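Below is one structure, written out as structure tokens; comments come after it.
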Amino acid sequence: MVVLSVPAEVTVILLDIEGTTTPIAFVKDILFPYIEENVKEYLQTHWEEEECQQDVSLLRKQAEEDAHLDGAVPIPAASGNGVDDLQQMIQAVVDNVCWQMSLDRKTTALKQLQGHMWRAAFTAGRMKAEFFADVVPAVRKWREAGMKVYIYSSGSVEAQKLLFGHSTEGDILELVDGHFDTKIGRKVESESYRKIADSIGCSTNNILFLTDVTREASAAEEADVHVAVVVRPGNAGLRDDEKTYYSLITSFSELYLPSST
Ligand SMILES: CSCCC(=O)C(=O)COP(=O)(O)O
Ligand SMILES: [Mg+2]
């Protein structure tokens, strides 16, 4: 088995979700289709609620910023002109959400609405999040060795908590010391990793970030965070130069903590 030694200065392990702790197939084949199939009904049922109106406002603001992009779908402001106007507005939000999802965009606005929609499915027990088999045993071991474990995903913090709270391994939320999402910044920007270190109260070089996406690894590394790229079944392939440059692991069990036996 390949073993990757964790540098002694590392005290925090920061984990990506999709493609790292959780199969991309679970996200692409279960979580995302749930949104596409249910968004219209969700909006029609929850439209009058404050939370739903906040989600729509954030999506509208994002749509304004996206206006210059090819195929962007605008969301008109409410004119208050009755049922037809409402149905048109809901359809515009649906089309905007589906357009963003077709590009796998990671905007905070999209991720916030998705999180709210998944809540009903997870809490009703209609959905359970999948984790790779090596994840929970490794995280337990790291924590026993004194490591802190944090999550940094484009999925909203609320959605992250749903996944960890309703997994095929049971409620594993207690294994996580804290969560970060794109509210702290995009995962492909190095400043986000500096802010995460500040928020945890450590230096960036105390963190080891595990992700499947090399653009995220590169941004983290630029901020002096240690990185390893996680290679899982179903993940996008890596170029040869990426395979040579990055430390690669195929299972969390390949990480060796000098402090553990
Ligand atoms: C709570 S994760 C839901 C999946 C998701 O929406 C997503 O965008 C995953 O992105 P990641 O940053 O974990 O690769
Ligand atoms: Mg990922």
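These figures come from a predicted structure and were not determined experimentally. Every number for a ligand or one of its atoms is a count from 1 in the order of the listing.
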Check: Which class fits the ring pair Tyr152 and Phe209: parallel under 30°, tilted 30 to 60°, perpendicular over 60°?
Finding: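 Rings of Tyr152 and Phe209: tilted, as their planes differ by 30° to 60°.
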
Notebook entry, point to check: If you measure from atom 12 (O) of ligand 1 to every heavy atom of Lys187, Glu18, Glu158, which option wins on shortest distance?
Noted result: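 Among Lys187, Glu18, Glu158, the closest heavy atom to atom 12 (O) of ligand 1 comes from Lys187.
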
Checklist line | Heavy-atom proximity to atom 2 (S) of ligand 1, best of Ala129, Gly115, Ser153, Gly19 | finding: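 The residue whose heavy atom sits nearest atom 2 (S) of ligand 1 is Ser153.
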
Next item on the list: Identify, by atom number and element, the atoms of ligand 1 in contact range of Lys106, meaning under 4.0 Å from any of its heavy atoms.
Entry: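 Taking each heavy atom of Lys106 in turn, ligand 1 has 7 (C), 8 (O), 9 (C), 10 (O) under 4.0 Å.
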
Notebook entry, point to check: Is a donor on one side and an acceptor on the other found under 3.5 Å between the side chain of Asn206 and the backbone of Ser203?
Noted result: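 Between the backbone of Ser203 and the side chain of Asn206 there is a qualifying donor-acceptor contact (under 3.5 Å).
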
Next item on the list: Verify the neighbour count for atom CD of Gln91: are there more than 12 heavy atoms of other residues, nucleotides or ligands below 6.0 Å?
Entry: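 Counting neighbours around CD of Gln91, more than 12 heavy atoms of other residues, nucleotides or ligands fall under 6.0 Å, so yes.
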
Notebook entry, point to check: Is there a donor-acceptor contact under 3.5 Å linking the side chains of His226 and Glu221?
Noted result: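 Note: His226 and Glu221 side chains miss the donor-acceptor criterion.
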
Checklist line | Phe32 near ligand 1 by a heavy-atom separation under 4.0 Å | finding: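 Contact check Phe32 vs ligand 1: positive.
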
Next item on the list: Just to the nearest 10 degrees, tell me the angle at the Mg ion (ligand 2) spanned by Asp212 OD1 and Asp16 OD1.
Entry: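 Here the angle at the metal atom is close to 120°, to 10°.
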
Next item on the list: Answer with yes or no after comparing the ring centroid distance for Phe26 and Phe131 against a 6.0 Å cut-off, counting only values under it.
Entry: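 Ring centres of Phe131 and Phe26 not closer than 6.0 Å.
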
Item checked: Protein contact of atom 6 (O) of ligand 1 - nearest heavy atom, named by residue and atom, plus distance ->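 The protein heavy atom lying closest is Lys111 NZ, 2.8 Å.
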
Next item on the list: Check all N, O or S atoms of Glu18 and name the one closest to the Mg ion (ligand 2).
Entry: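 Going through the N, O and S atoms of Glu18 one by one, O ends up nearest to the Mg ion (ligand 2).
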
Notebook entry, point to check: Is Trp118 touching ligand 1 with its side chain, its backbone, both, or neither, if touching means heavy atoms under 4.0 Å apart?
Noted result: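 The side chain, only.
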
Check: So is Ser156 polar-close to ligand 1, meaning N/O to N/O under 3.5 Å?
Finding: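 There is no such contact.
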
